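Since we're looking at a predicted model, the values are computed, not measured. Order of the sequence lines sets the chain letters (A, B, ...), proteins ahead of strands, with each chain counted from 1.
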Number of protein chains: 2
Amino acid sequence: MAVDPKLGIYRPAVPAGDLGARVEAFSARCREHGLSVTPQRRAIMRALLASEDHPRAEDVYDAVRAEHPTISLATVHRTLETLCQIGEARKVTPLHHSARYDGNLSPHHHLVCVGCLRVLDVEAPQFDELLGSQKWLGDHEVVGGSVEIYVRCRSCRQQTSD
Amino acid sequence: MAVDPKLGIYRPAVPAGDLGARVEAFSARCREHGLSVTPQRRAIMRALLASEDHPRAEDVYDAVRAEHPTISLATVHRTLETLCQIGEARKVTPLHHSARYDGNLSPHHHLVCVGCLRVLDVEAPQFDELLGSQKWLGDHEVVGGSVEIYVRCRSCRQQTSD
DNA sequence: TCTCAGGTGATAATAGTTAGCAAATGGCAG
DNA sequence: CTGCCATTTGCTAACTATTATCACCTGAGA
Ligand SMILES: [Mn+2]
Ligand SMILES: [Mn+2]
Ligand SMILES: [Zn+2]
Ligand SMILES: [Zn+2]
């Protein structure tokens, strides 16, 4: 999406389709997990899915307040954590700052601009192959992995003398 | 070190040698960067190099206080950030918590236990090859990358029913 | 030895997140 | 359709990690 085509071994990670349907499917999975489907949860999930941008809790809060002016930031934090617990979102925290949340559950990795800390999705099948090629490392059970590629985006390159 | 031998495509990342000499070399590089060599900086660098454990600022603080009882936590934070700026340390922040610092500058990656959040070094030359194989991704200039492999360590596996 | 830019300790301020709790409500038994 | 109650929410205070401020101190060069 925001990434150019000539990526060599990498390729942009494309987010999935219809938003309304995705929120609906989410609601169903909430019930499967024994969680109530509340307007707040729908709204937060919708905002997360709609975002291209790995938003922080506060970003989601701002987005959701348009429709739910009385929602609290604490609820957003709580809900995002809940989403991660039930596998509806993942937490990404590049280079240490506030947590970023990702509604894109397709297997993918991230480009992180070391200047502006923007996070972009990227697929890298060769990495996935390596990551998935071993279920154990000594007595450590492998449960996942992620690759962060640090980059300087065009606009950040222009600002620094270097 | 803390990792078993049968790692397949991975191998443990071994930290370097003599501590006193490393602190001495560090002092020299401080001067090259125009930084004063203070007892606090030496002590913090020594503590970081001595640690096998990707310590938090507070951990370094605790270690250093043995010799420098009056050092302040703020100085430790400041100094660790300075070390990162001049390339004497790197900051690692897996799964979002407080920042972890790493005195091991050899190229390596990390195993992160999703249970206890312990961080272990690991080398993965095949990843490095992939990471290094492209200097540009579209109009993003690649400046680095890192792989985090999420694992469950033996002790964390025992504690959860699953 | 003198000087002072840069470094430090103490402390306050800030940002992000989590905890505690009373009020509200989703989902279900009747 | 109720009415119930375990969950969830909003509000708020607390907490943790980090950064800013500032007066004092000190490493390092003159
Ligand atoms: Mn993503
Ligand atoms: Mn390391
Ligand atoms: Zn940028
Ligand atoms: Zn563990």
Exercise. Could you check how far CD of B:Glu58 sits from P of D:dC15, rounded to whole Å?
Key: 15 Å

Quiz item: What's the CG-P distance between A:Leu73 and C:dT17, to the nearest Å?
Solution: 9 Å

Self-check item: Nearest-neighbour nucleotide for the B:Thr38 side chain, C:dG7, C:dT17, C:dG9 considered
Solution: C:dG7

Quiz item: Given C:dG9, D:dT9, D:dA28, which nucleotide is nearest the side-chain atoms of A:Thr75?
Solution: D:dT9

Quiz item: Of the nucleotides C:dA10, C:dG7, D:dG10, which one has an atom closest to the side chain of A:Ser72?
Solution: D:dG10

Exercise. Kindly determine whether A:Thr82 and A:Thr79 satisfy side-chain hydrogen bond (donor to acceptor under 3.5 Å, both in side chains), including the steps that lead there.
Key: CA-CA 5 Å; A:Thr82 302; A:Thr79 302; 5.6 Å; no

Self-check item: Check: B:His54/B:Asp59 side-chain N/O donor and acceptor closer than 3.5 Å
Solution: no

Quiz item: Just checking A:Pro39: base, sugar-phosphate only, or nothing, at a heavy-atom cut-off of under 4.0 Å?
Solution: sugar-phosphate

Practice problem: To the nearest Å, give me how far apart CG (A:Asp59) and C1' (C:dG16) are. | Solution: 13 Å

Self-check item: Interatomic distance, B:His77 NE2 vs D:dT21 P [rounded to whole Å]
Solution: 17 Å

Quiz prompt | Out of D:dG10, C:dT17, D:dT8, whichever nucleotide has its closest atom nearest the side chain of A:Ile71 | solution = D:dG10

Practice problem: Answer yes or no: is there a side-chain heavy-atom contact under 4.5 Å between B:Leu49 and B:Arg46? | Solution: no

Quiz item: If only side-chain N and O atoms of A:Arg78 are considered, is one of them under 4.0 Å from the OP1 or OP2 phosphate oxygen of D:dT9?
Solution: no

Quiz prompt | Length of the line joining B:Glu32:CD and D:dA28:P, which is rounded to integer Å | solution = 14 Å

Self-check item: Selected nucleotide, minimal atom distance to B:Ala74 side chain, candidates C:dG16, C:dA10, D:dA17
Solution: C:dA10

Quiz item: How long is the line joining CZ of B:Arg42 and C1' of C:dG7, in whole Å?
Solution: 15 Å

Quiz prompt | Atom-to-atom span, CZ of B:Arg41 to C1' of D:dC25 - whole angstrom | solution = 14 Å

Self-check item: Donor on one side chain, acceptor on other, B:Asp121 and B:His109, under 3.5 Å
Solution: no

Self-check item: B:Gln40 side chain near C:dG9 phosphate (N/O to OP1/OP2, under 4.0 Å)
Solution: yes

Quiz item: With a 3.5 Å cut-off and just heavy-atom distances, do the side chain of A:Arg31 and the base of C:dG26 make a donor-acceptor pair?
Solution: no

Quiz item: Rounded to whole angstrom units, what separation is found between the CD1 atom of B:Ile44 and the P atom of C:dG9?
Solution: 8 Å

Quiz item: Would a 4.5 Å heavy-atom cut-off, applied to side chains only, mark B:Val151 and B:Leu120 as touching?
Solution: no

Quiz item: Counting side-chain heavy atoms from CB outward, which of C:dT18, D:dA17, C:dG16 is closest to A:Glu81?
Solution: C:dT18

